[in-house]
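Within every chain, numbering begins at 1; the chains are lettered A, B, ... in the order of the sequence lines, protein sequences first and strands thereafter. Side chains are part of it too, since the values below use all heavy atoms of this structure and drop only hydrogens, waters and symmetry mates.
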Amino acid sequence: MFFNNTLTRKKEEFVSLNDRQVFMYTCGPTVYNFAHIGNFRANVTYDLVKRWLKFRGYTVKHVMNITDVDDKTIRDSIAAGISLKELTDKYTAAFMSDCKKLRIIAPDIHPRATENIFQMIRLVCELIEKGFAYKAADNCVYFSISKFKDYGKLSHLNMKELRQCDRVTNDEYDKENVSDFALWKAWTENDGDVKWDSPWGPGRPGWHLECSVMAREFLADTIDIHMGGEDLIFPHHENEIAQSEAATGKPFVKYWLHNAYLLVEGKKMSKSLGNFFTARDIIKKGWTGREIRYVLLSTHYRRQLNFTFDGLHAARSALQRLDALREKLDGTNIDGKASAEVIEAVKLAREKWIIALDDDLDISAALALLFDFVREANRFIESGKINKSSSKTILSFLDDVDEILDIKKSAEEIPEGIIKLAEERTTARKEKNWARADEIRNILKDKGYTIEDTPDGSRAKKL
RNA sequence: GGCGGUGUAGCCAAGUUGGCCUAAGGCGAUGGUUUGCAAAACCAUUAUUCACCGGUUCAAAUCCGGUCGCCGCCUCCA
């Protein structure tokens with residue numbers, strides 16, 4: 001299995017640190033609002049990596065932080081006149097519910113920043129003791145990047161050559177070096193009642209700190225995989241490395257994986273362009289979680305993804321083709337002759353599937369082979385080469401594929417009355433009572449269902 | 001200015017350590033099969049061409065030089 005490692009900028013074979021156990025940490029959401037589809041691209045990517053590792057026989061322990069204290073959560077809770085906890089609890093729950101809709105497997109542990117303040121203070125103390133951090137005149141504690149000689153190794157940025165842009169030079173902090181970052185931020189009036197006591201006075205932790213602390217606390221000093229969006233490479237992940245490695249003296253992460261950003265309708269997603277969407281916005285427009293999941297999944301994670309409504313339409317059609325094959329294989333009219341050809345085709349597809357995903361999650365190759373296989377299977381069905389047993393073999397392959405993609409149609413709840421009408425149509429058609437059959441079709445259409453006539457009878461499907 | 005990505009059919013998107021590429025796969029479109037009529041489904045067809053110009057080579061989407069376009073990061077945005 002190979003992953004493209006941001007740290008080395010190379011595709012490397014994955015070798016876990018502890019036999020079959022993989023420690024994986026992913027950067028979670030800041031819970032001040034509903035998460036947007038860009039956030040979910042990242043989470044779908046985490047999900048894909050995790051599922052593939054599990055499929056390949058690893059046990060994965062996955063930790064993802066919930067950032068429930070920062071400038072934005074504080075700002076918005078004050079604006080809404082509610083407590084920080086009230087605000088962040090609401091959006092944490094919303095995030096998890098959205099993830100579930102997109103069929104993202106929940107992390108094993110999702111620690112909240114505010115529940116690990118003590119450990120964060122302890123790490124800051126450790127960094128001060130070891131000479132990597134200092135308290136400034138503004139009562140904030142900063143990490144001194146000049147003390148950490150590997151600083152910049154992940155982002156490959158040369159700090160001396162960084163452009164001195166306005167927001168840096170206008171900085172009002174009392175830092176020794178403009179690039180030093182806050183480990184602990186002293187309380188100000190803007191923070192309202194959000195503060196914790198510390199050896200440096202009341203305040204709150206810096207954002208970067210929580211990931212270093214939680215990865216160490218819930219996983220280990222050195223972990224296998226750390227993931228996040230490409231925008232986090234610098235400064236967030238660079239700073240995590242600095243904090244963690246300065247404290248432990250050990251490498252923090254073996255494989256850094258980053259997903260690319262997404263565009264919406266070809267443009268960067270922004271509220272002013274009107275192309276800013278949360279997952280629930282899209283669900284409200286009538287798209288399902290699995291359709292969104294498929295769109296987010298179907299472009300390789302390191303490539304920029306253009307999220308469009310055309311893409312959602314394409315996803316819907318493609319998924320329906322997959323559904324249709326399953327339905328046919330499950331149907332009672334599968335009654336062909338046994339054929340070694342079929343078994344061979346499944347075997348080949350399975351091999352290609354593993355080769356594709358082992359290669360840095362090459363989803364394009366994986367989906368191409370899947371649809372090649374779908375066409376092949378359809379031809380087998382048409383030519384009567386599939387019997388009950390080979391049909392099971394195919395379905396079991398499709399199930400294995402779905403262990404990773406998780407795009408299978410969920411059983412839809414068709415109301416009793418609708419089923420009755422569909423059955424009535426079946427009878428009417430048997431009796432060649434076309435008038436009644438057409439009438440029922442129209443009734444169902446008004447109720448939002450379409451009719452599919454199969455050899456097994458008429459079936460109602462939600463429009 | 002620094003670092004990185006990218007430009008392939010109507011749309012999305014593989015392929016970029018050169019040669020089964022006379023370029024995967026998906027959507028769409030068109031034709032056919034099927035159907036009481038439909039719908040759905042299935043099958044088939046759909047880029048002599050890979051942003052543009054020039055070069056290297058027996059051979060280039062793939063290498064080299066140049067030009068143009070788009071996108072991201074450069075201190076708290078996945």
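Contact annotation: Lys268(A) reaches the phosphate of C73(B) (side-chain N/O to OP1 or OP2, under 4.0 Å). Residue Asn378(A) places none of its side-chain N or O atoms closer than 4.0 Å to OP1 or OP2 of A41(B). Between Arg429(A) and U35(B) there is no side-chain polar atom (N or O) within less than 4.0 angstrom of OP1 or OP2. Of the side-chain N and O atoms in Lys72(A), one or more sit less than 4.0 angstrom from OP1 or OP2 of C77(B). In this structure, Ser155(A) does not reach the C74(B) phosphate: none of its side-chain N or O atoms is under 4.0 Å from OP1 or OP2. Applying the 4.0 Å criterion to OP1 and OP2 of A40(B), one finds that Arg321(A) has every side-chain N and O outside that range. Note on Arg375(A): a side-chain N or O is less than 4.0 Å away from OP1 or OP2 of G26(B). At the phosphate of G4(B), neither OP1 nor OP2 sits under 4.0 Å from any side-chain N or O atom of Arg302(A).
Taking a pair to require two hydrogen-bonding distances under 3.5 Å in either a Watson-Crick or a G-U wobble arrangement, C50(B) remains unpaired. As the counterpart of G1(B), C74(B) is assigned, both hydrogen-bonding distances of the Watson-Crick or G-U wobble pattern falling under 3.5 Å. Pair check for G69(B) finds U6(B); Watson-Crick or G-U wobble, both atom distances under 3.5 Å. If you check A59(B) for Watson-Crick or wobble pairing at under 3.5 angstrom, you find it has no partner at all. Using Watson-Crick or G-U wobble geometry with both donor-acceptor distances under 3.5 Å, C37(B) finds no partner in any strand shown. G31(B) is paired with C43(B) under the criterion used here, namely a Watson-Crick or G-U wobble arrangement in which both key atom distances are under 3.5 Å. Across all strands shown, C20(B) remains unpaired; no Watson-Crick or G-U wobble contact has both distances below 3.5 Å.
Between Arg379(A) and Lys385(A), the closest side-chain pair of non-hydrogen atoms is not below 4.5 Å. Between Trp52(A) and Ile354(A) there is a side-chain heavy-atom pair separated by less than 4.5 Å.
Remark: P of C76(B) and NZ of Lys185(A) are 9 Å apart, rounded to the nearest angstrom. Remark: C1' of G2(B) and NE2 of His156(A) are 14 Å apart, rounded to the nearest angstrom. With rounding to whole Å, Leu209(A) atom CG is found 17 Å from C76(B) atom P. When the C1' atom of C76(B) is taken as reference, atom OH of Tyr142(A) falls 12 Å away, rounded to whole Å. Between the CG atom of Leu322(A) and the P atom of A41(B) there is a distance of 12 Å, rounded to whole Å. Regarding Glu376(A), its CD atom lies at a distance of 15 Å from the C1' atom of A24(B), rounded to whole Å.
Nearer the 5' end of RNA chain B, as judged by each residue's closest nucleotide, is the contact made by Leu367(A), out of Leu367(A) and Asp438(A). Toward the 5′ end of RNA chain B lies the nearest nucleotide of Thr308(A), the other residue of the pair Thr308(A) and Ile451(A) mapping further downstream.
Across Ala422(A) and Ala460(A), no two heavy atoms sit closer than the pair CB-N, 4.3 Å.
Here the nucleotide nearest the side chain of Tyr261(A), chosen from G25(B), A78(B), A41(B), is A78(B). Taking only side-chain atoms of Asp453(A), from C-beta outward, the nucleotide of A41(B), C73(B), C37(B) with the closest atom is C37(B). Of the candidates A78(B), A14(B), G26(B), A14(B) carries the atom nearest the His300(A) side chain, counting heavy atoms from C-beta on.
Glu291(A) pairs in a side-chain contact (heavy atoms from CB on, under 4.5 Å) with only one of the listed residues (Ile282(A), Leu319(A), Ile283(A), Leu296(A)), which is Leu319(A). Just one residue in the list Glu240(A), His237(A), Met64(A) forms a side-chain contact (heavy atoms from CB on, under 4.5 Å) with Cys211(A), and that residue is Glu240(A).
Atom NZ of Lys409(A) sits in a crowded spot, with more than 12 heavy atoms from other residues, nucleotides or ligands closer than 6.0 Å.
Under the 3.5 Å distance criterion, with hydrogens and angles disregarded, no donor-acceptor pair is assigned to the side chains of Lys72(A) and Asn33(A).
Between Trp434(A) and G36(B), a base-stacking contact is recorded: ring centres under 5.5 Å apart, planes less than 30° from parallel. The side-chain ring of Phe40(A) is not stacked on the base of A78(B), judged by centre separation under 5.5 angstrom and plane angle under 30 degrees.
Below the 3.5 angstrom threshold, one finds a donor paired with an acceptor across the side chain of Arg441(A) and the base of C37(B).
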